Amino acid sequence: MENREVARILRETAQLLEIDGAIIGRYRSYEKVAELLFSIHERIEDVAKDPKKLKELPGIGDNMAAHICEILETGDYALRAKLLKKYPLTLLDLLNLQSMGPKKVALLYKKFKVCTVEGLEQMARDGKLRDLEGFGEKSEENILKATAVAKRASGRFKLDVAENEANKLIAYIGQKSDIVDFITAAGSLRRGKETIGDVDLVVTLKPKRSKQADIDEVAEHILKYPGIDQTLAHGENKVSIVLGNGLQVDVRLLEKDCLGAALLYFTGSKEHNVVLRGRARDMGWTLNEYALTTLKSGRFVAGKTEHDIYAKLQLDYIEPELRENTGEIEAAENHTLPALLKLEDIRGDLQMHTTASDGRNSIEEMGEAARELGYEYIALTDHSKAVTVANGMDDKRTLQQLAKIRDAQTRVPGIRLFAGIEVDVLKNGQMDLADETLGQLDVVVASIHSFMQMDRNEMTERILAAIENPYVQIIAHPTGRLLLRREAFEYEMEKILDAAKKHGVAMECNAYPDRLDLKDIHLRMCKERGVKVVISTDAHSSTHFKMMKYGVITARRGWLEKKDVINTLGTAEFLAALRPRPGAVSAPTAPPTKAAKKKSA
DNA sequence: GCCGTTTTCGGCCCGACTGTTTTCAGTCG
C-alpha cells in the first residue's frame, strides 16, 4: 500500500472526527501523521514491518501504530468506517469549499442532511440557509461563489503558471512606487513547490508612507487589477482576490520593519513555522508575523530580516526550498545544511528535441540558443521510433542524425554538441534501438512512453533491465508523471536507485514544469545513495531552455548541491562522469570560438 | 492521540478577517 493511500485514510478520519466534534488534539494527531506520510520517503509498509521503527516516527505512538497496521492489513480503518456510517463520504467535498469548515458542514448535515456540493448549492440558491444560526444572506452568496469556483478550478496550478501570474501582479502593484517599498512572492511559490494552491504576496510600504490611508490606497489599486474575477477579502492589511483562471492571490500589506518576520511567516511551510514557534517559545520568546518578541514583556528581539530571526533562534539561515520540516531545522542547528545548487552552476543541458523528431528548431538553432545562455555543452536527444506520434527515429535515421550533428558542430563553434538519443524503453525492458547504434552516440538517455499502467513488480523489472543495459547512461523523467494530469508509474524506487548507483547510471530531474521528474524527495534519495543526477529541460524549442530554473529549484528542494549534479561539471569532467560504455568512441571536440582562437594565438 | 523532565494532565500556532452578532464563533493560512 502506498503512503498516499494510508495518508488519505488517516486524513479522512481526521476530517470526519472534526465534523463529529472531536477535540482539536485528537483529529490533529491523525492529520499530523497523514502529513508525515507525505514527507518521508520510506514506504510506510516497509517501516511498519518493525513496530519499534514505526513508533520512532514523530507523532506515532502505540495507538497510532496499531491503526496504521490495521490500515495496511485490511485496507481500511474501523474508526473511519464507523464514522462513515454516521456521515457520508461526500460531506468531505463540502470542506473544500471556501467559507465552509467542519462546524458549518456538521450543522448543515444535522439540520438539512445536506451532503453534496450540488445539494448545498441548491439550498443556498433557494435562500433556505439564511435563517440558520450563524448564517445570513451573505453566507448564501459566499456559498454560491465557492461552489462556482469549485466547479471551474481543480484548485492547484503548475509552478510556472503561478509564477507568471504572480509576476504580472507584482509588476502591477509596483506601479504604486511612491508608496510601495518592496514586493515579493512568499508561500509555496517561494518554496518552489511543484504545484501551487494559491499565491501569497508580501508588500512592504515605505517608512513615511505606511499609514492606514497609504495601505488603503495600495489595496484599492490592487482591487482594480484587470485580471480579477472576484474579491474574497479586503481588510486592514490583507487583500484576497481570485484571478480569471481561478488562482487565488493573498496580498499582505505591511510595514518595512517587519519584513523578515512576515516573509518567514508567509513563506511557511506551516510545519516549518510550527517548529520555529515552538523553538522560540522554548527560548522564552514568541514568534508571529510581525516580530520575534519576549514572551513576558513583548520586547522586540528580531524581525527585520529572516536572517536575524534564524540567528536569534540559534539556527543557520534556511533557504525557502528546505522549509518543510524534513530535517532542515536540525541541520541548521548542527551547521550541516547543504550549500544548495544554483542556476548558474548548470553548464549544459542533456535532453532536447529538434525537427528530426518532435522539436521545433534545428540542431544549429538549439546549439546557438544554448551557447547564448553560456552553456558549454548540450546533448541533442531526439526520440526513437517507438514514439511514432513524435516522428521517432529508427537506427538508420539515428545514425543520419549523428552525422548531421557532427556536421552542425563545424558551424556552431564555442559549444560542444553531443550526439544523443532519447531511446524508448520497450515493454520488456529492452531498448528501441540496436546496441551498435547506441554505442556510436555520445549520450544515451532512456525513457518510458508506453505501457505506463504496468503493475509495480513488472515496472520495477522493466526499469531495472533498462539500467542494466550497458549503453544506457541517463534515465529520463523516471516516473513519467504529468503534474495535475497523470500519476507517476508505480515501482520500487529504492531498488531502481540502488541499481543506478551500482551501474553508474544518472537519474534525470526533468525541469519541464509539467514534469519535475524526479521530484524533490526522490532527488534527496539519490543524494543519500550517491546516485548521480542530471537536470535537463527536455526542450522541444529553443525557448524552453529557460525552464531549467524549475529543475534547479526542484533539485534544491531535494537538498542537492553542485557536487550532486553532473551537468555542473566542465565538458571533459562531465563526459568522465557519465557511465562508460563498451566500445564507445569518444566524441570529437568542438572547434574553438573566434575569441578563443585569438586568445590562444 | 501524542507529548513531555520545570508538566503523566493539559496543551495541541496564532492572528486576521468575515459575518453574524452586539462580543464572538468559524474559517483561513
Side-chain angles (χ1 to χ4, degrees), chain A residues 10 13-15 17-19 21-36 54-68 77 79 94-108 129-143 145-146 186-191 196-202 215 219 231-241 248-254 258 261-262 264-282 284-293 295 298 325:
Chain A
L10 290 172
T13 307
Q15 290 174 320
L17 277 170
E18 202 176 355
I19 289 172
I23 59 164
I24 180 170
R26 183 140 187 251
Y27 63 80
R28 276 294 292 146
S29 65
Y30 284 89
E31 256 169 36
K32 275 184 183 168
V33 177
E35 282 162 15
L36 174 81
L54 185 58
K55 278 188 269 183
E56 273 170 15
L57 292 171
I60 298 184
D62 289 334
N63 290 310
M64 195 60 79
H67 301 334
I68 288 171
Y77 172 42
L79 176 59
L94 301 185
L95 288 176
N96 291 328
L97 298 173
Q98 182 83 231
S99 85
M100 291 296 291
K103 295 289 193 300
K104 287 186 183 173
V105 168
L107 181 68
L108 287 171
L129 302 177
R130 60 188 63 179
D131 299 329
L132 211 52
E133 195 183 340
F135 286 75
E137 283 185 45
K138 194 78 194 216
S139 313
E140 288 176 347
E141 266 176 49
N142 285 338
I143 285 168
K145 273 185 195 170
S188 50
L189 183 54
R190 183 164 177 244
R191 300 202 311 281
I196 307 295
D198 50 39
V199 167
D200 290 288
L201 298 183
V202 172
I215 296 175
T231 303
L232 293 175
H234 177 195
E236 269 175 41
N237 65 10
K238 175 185 162 176
V239 178
S240 284
I241 57 176
Q248 183 178 330
V249 184
D250 297 330
V251 188
R252 316 283 169 151
L253 301 152
L254 301 158
C258 62
L264 195 61
Y265 183 88
F266 293 118
T267 299
S269 67
K270 202 168 72 176
E271 293 74 21
H272 179 86
N273 284 350
V274 166
V275 178
L276 287 190
R277 259 179 250 134
R279 191 177 173 92
R281 194 157 274 268
D282 289 345
W285 297 324
T286 180
L287 178 61
N288 61 23
E289 60 258 58
Y290 299 111
L292 180 66
T293 54
L295 203 48
N325 190 31

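None of the values given here were measured: they were computed from a predicted structure. Residue numbers start from 1 in every chain, and the chains themselves are labelled A, B, ... in the order their sequence lines are given, proteins ahead of strands.
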Taken to the nearest whole Å, CG/A:L253 to P/B:dG15 is 20 Å
Taking any heavy-atom pair under 4.0 Å as a contact, classify A:E133: base, sugar-phosphate, or nothing.
nothing
- Message: It should be established whether A:Q248 places a side-chain nitrogen or oxygen under 4.0 Å from OP1 or OP2 of nucleotide B:dG29.
- Response: yes
_Pairwise P distance for B:dT6 and B:dC2, with rounding to whole Å_ = 23 Å
**N or O in side chain of A:R281 less than 4.0 angstrom from B:dC14 OP1/OP2** = yes
Identify whether any heavy atom of A:I23 sits under 4.0 Å from a base atom; if not, whether one sits that close to sugar-phosphate; answer base, sugar-phosphate or nothing.
-> base
- C1' atom, B:dT5 versus B:dG10: distance in rounded Å? 16 Å
| Would you say B:dG19 has OP1 or OP2 under 4.0 Å from some side-chain N or O of A:K138? | yes
Glycosidic torsion of B:dT22 (syn if within 90° of 0, anti otherwise) classifies it as anti
In whole angstroms, the gap separating P of B:dA25 from NZ of A:K104 amounts to 14 Å
It should be established whether A:N237 places a side-chain nitrogen or oxygen under 4.0 Å from OP1 or OP2 of nucleotide B:dG15. no
For B:dC14, does either OP1 or OP2 sit under 4.0 Å from a side-chain N or O belonging to A:Y290?
no
- [ ] Answer yes or no: does a side-chain N or O of A:H234 lie under 4.0 Å from OP1 or OP2 of B:dC17?
- [x] no
### Query
With sugar-phosphate meaning primed atoms plus P, OP1 and OP2, does A:Y265 contact a base, only sugar-phosphate, or nothing at under 4.0 Å between heavy atoms?
base
For a quick test of reading the model: is some side-chain N or O of A:N142 closer than 4.0 Å to OP1 or OP2 of B:dT18?
no
#### Entry: Phosphate OP1/OP2 of B:dT20: any A:S139 side-chain N/O under 4.0 Å
yes
